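Every value quoted in this text rests on a predicted model; they were computed, and no experiment measured them. Just so it is clear: chains get the letters A, B, ... in the order the sequence lines come, proteins before strands, and each one is counted from 1.
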Amino acid sequence: MHALPKGKVCCGHPALNQKKALAWRRQKVDFTANTYLSREETIQPTMQPTHVIAATAASELAKTTAVSQQMRLTASNARAVAARAGEQGKSFKAITPFVDELAAISVSRVAEVVAWAREFSQLASRYQQVLGANNAYQKAELLLAGKRSKQLQLAQEQAAKALFESKQAQEKKLAQMVEALEALQRQLRSGNVIATLSFVEAALMPLEQRGDLNSVGEMIVASVAQIRQHNTTALKLLRSMQGNL
Amino acid sequence: MITHKLSDTSDIQWYMFGRDPQKPEKIIDTNQYLMVSNGEALLMDPGGLELFPAMLAAVVNIVELTSVNNVFASHQDPDIISSLGLWDGCLPRAVLHAPWLWEGFLRHFGMEQMRYNGLPDEGETIKLGGRDVQFVPAHYLHSSGNFHVYDPASKVLMSGDVGASLEPGNPDLFVEDFSAHCQYMEGFHQRWMPSNRAKLDWIKRVRQLDVQMMCPQHGRVFVGEQVTAFLDWFERLPVGSGIK
Ligand SMILES: [Fe+2]
Ligand SMILES: [Fe+2]
């Protein structure tokens with residue numbers, strides 16, 4: 001048994017230096033991963049931290065839940081005011097279920113998208129893992145400098161396939177979230193109609209209740225605007241990832 | 001990644017991998033081992049994620065991956081086995097022999113295809129290429145579920161973190177001057193090893209084995225009388241220095 005002189009390789013293959021490795025990369029045309037992905041994606045990952053973007057969008061959306069609950073409370077107060085007005089308050093009271101409904105739709109849609117955002121984050125983390133595996137296998141292949149290993153090739157194929165599938169799953173989930181939020185944005189437009197109706201109805205009420213009921217309309221307008229603003233921000237964040245995964 | 005053949009009998013070869021020049025500076029240097037018995041290979045403490053590409057290439061240069069059907073992890077540390085998920089991708093039929101205690105933890109590194117053989121506390125013997133390979137208990141040295149590998153035919157003991165040394169620069173592969181080497185082991189063993197009782201139990205166990213070469217996961221390898229010198233030194237060394 002003997003000690004090796006420093007820096008000497010005994011039986012192993014010397015690691016390629018960075019320059020050689022890069023040159024090798026440029027020359028090499030057929031990578032297993034390229035069956036599914038372009039070269040840039042596999043070799044120079046420009047992956048943004050999409051799980052962070054998704055989490056930010058989710059937290060933006062979560063802020064709307066409190067606003068929606070406030071809207072429900074407003075509707076309930078309005079019902080009480082309208083009830084006190086007796087017969088004259090009936091038409092106003094009839095508007096309040098629409099406010100409830102709008103708030104409920106917003107809460108459930110948002111909860112759905114927040115859950116999807118969580119799933120998306122998981123997919124994005126998985127993608128990063130698989131991407132890491134892909135890169136590690138490719139680095140090993142470079143170090144082997146042409147020596148073939150069937151098992152390594154299989155692992156590369158498997159990782160490339162997993163990468164492709166993971167990307168597809170992310171794209172699908174992202175499209176689902178964007179679609180749901182766009183639908184919610186459209187539904188929120190009805191909030192303005194409800195507010196206008198409540199202003200009209202308030203104008204027909206006795207003077208002493210008019211102020212209270214007007215403020216109901218104002219609350220609806222303000223709440224819907226807030227929800228829309230958060231949704232718009234979340235949508236922008238999610239759309240920024242579309243085509244960039 | 002330096003590859004060195006440690007031992008070569010007619011049917012068993014031991015290889016050591018380490019001193020990777022491409023290794024990022026702040027990562028602790030590790031030794032990885034491969035035992036090939038009649039064409040069947042056991043990969044021991046294959047190392048961390050950062051090391052994986054170089055390790056994979058080094059292993060493929062010795063054996064085809066289809067013959068690596070056994071992997072061993074002495075314990076759960078990241079420098080031991082955080083590459084598990086990547087090995088899992090290219091050794092789908094392999095068995096991971098590791099302490100039963102750590103199964104739920106080790107699976108966090110990713111393991112979808114390999115089979116986990118949870119080693120019982122008292123240890124286990126398997127056949128590799130028709131030869132015995134013993135998984136020797138080394139609990140609390142330093143991990144609470146911990147094993148070493150002993151090959152009675154080659155008289156080689158892969159001793160995980162026991163015998164490890166933290167030496168600056170690029171140390172040689174073998175201990176030359178045992179007394180001079182102790183300074184690089186002392187702090188590590190005193191701080192990383194928690195139990196004097198566990199230490200003495202392990203020493204007693206190893207004294208019963210015929211060990212000609214002791215291969216730690218960090219630092220230099222001990223050969224011949226240096227193994228006994230190490231056991232004597234370790235016996236005298238109080239451990240568990242973290243408790244003030
Ligand atoms: Fe350790
Ligand atoms: Fe270690």
Side-chain angles (χ1 to χ4, degrees), chain A residues 1-22 24-25 32-33 42-43 122 125-163 165-166, chain B residues 1-8 13 15-23 49-69 83 85-94 109-110 112-113 169-176 212-213 220-224 226:
Chain A
M1 295 302 158
H2 63 282
L4 269 183
K6 283 194 176 89
K8 276 278 153 63
V9 174
C10 191
C11 316
H13 193 282
L16 292 175
N17 66 31
Q18 202 70 10
K19 271 188 185 168
K20 275 186 189 165
L22 282 171
W24 175 258
R25 278 181 190 185
T32 320
T42 55
I43 293 170
Q122 275 165 356
S125 310
R126 169 88 185 126
Y127 182 88
Q128 289 290 8
Q129 257 178 21
V130 183
L131 191 68
N134 246 296
N135 290 340
Y137 293 140
Q138 285 180 12
K139 268 187 208 165
E141 197 190 25
L142 290 173
L143 290 169
L144 279 168
K147 185 170 176 171
R148 310 291 288 175
S149 164
K150 208 176 165 197
Q151 200 89 343
L152 174 59
Q153 224 174 323
L154 282 174
Q156 277 182 300
E157 275 169 20
Q158 211 177 27
K161 188 167 175 276
L163 195 65
E165 283 170 356
S166 158
Chain B
M1 179 74 72
I2 290 175
T3 301
H4 184 81
K5 193 186 266 184
L6 286 173
S7 158
D8 190 356
Q13 295 78 41
Y15 298 88
M16 174 189 185
F17 310 95
R19 314 292 191 271
D20 182 13
Q22 313 265 301
K23 174 187 77 61
L49 272 175
E50 286 282 347
L51 234 64
F52 173 80
M55 260 306 288
L56 178 61
V59 169
V60 170
N61 273 320
I62 294 169
V63 285
E64 178 45 59
L65 290 176
T66 42
S67 49
V68 187
N69 287 324
S83 57
L86 296 169
W87 288 107
D88 183 74
C90 50
L91 303 176
R93 283 185 296 278
F109 289 135
E112 287 166 8
Q113 306 184 94
N170 189 20
D172 286 339
L173 300 184
F174 294 92
V175 174
E176 279 164 13
Q212 281 307 305
M213 193 181 282
R220 301 180 187 228
V221 169
F222 303 81
V223 182
Q226 291 169 349

Separation between CD (B:Glu64) and CG (A:Leu152), nearest 0.5 Å, reads 9.0 Å
When rounded to the nearest 0.5 Å, the distance separating CG of B:Leu86 from CD of A:Gln129 is 9.5 Å
Bottom line for A:Ala136: the part with an atom under 4.5 Å from chain B's heavy atoms is both
Check: Do B:Gln113 and A:Gln158 get their side chains close enough for a donor-acceptor pair, meaning under 3.5 Å?
Finding: yes
Less than 4.5 Å apart, side chain to side chain, heavy atoms only: is that true for B:Pro53 and A:Gln138?
no
Notebook entry, point to check: Considering only heavy atoms from C-beta outward, does the side chain of B:Arg93 approach that of A:Gln151 to under 4.5 Å?
Noted result: yes
The side-chain contact (heavy atoms from CB on, under 4.5 Å) partner of A:Ser149 among B:Asn61, B:Val63, B:Val59, B:Leu65 is B:Leu65
With chain A, the option among B:Cys90, B:Ser83, B:Ala54 that has the most non-hydrogen atom pairs under 4.5 Å is B:Cys90
Nearest heavy-atom approach of B:Gly89 to A:Ala155 is O-CB, 3.2 Å
Closest non-hydrogen atoms of A:Leu144 and B:Ala57, given as atom of the first, atom of the second and distance, are CD2-O, 3.5 Å
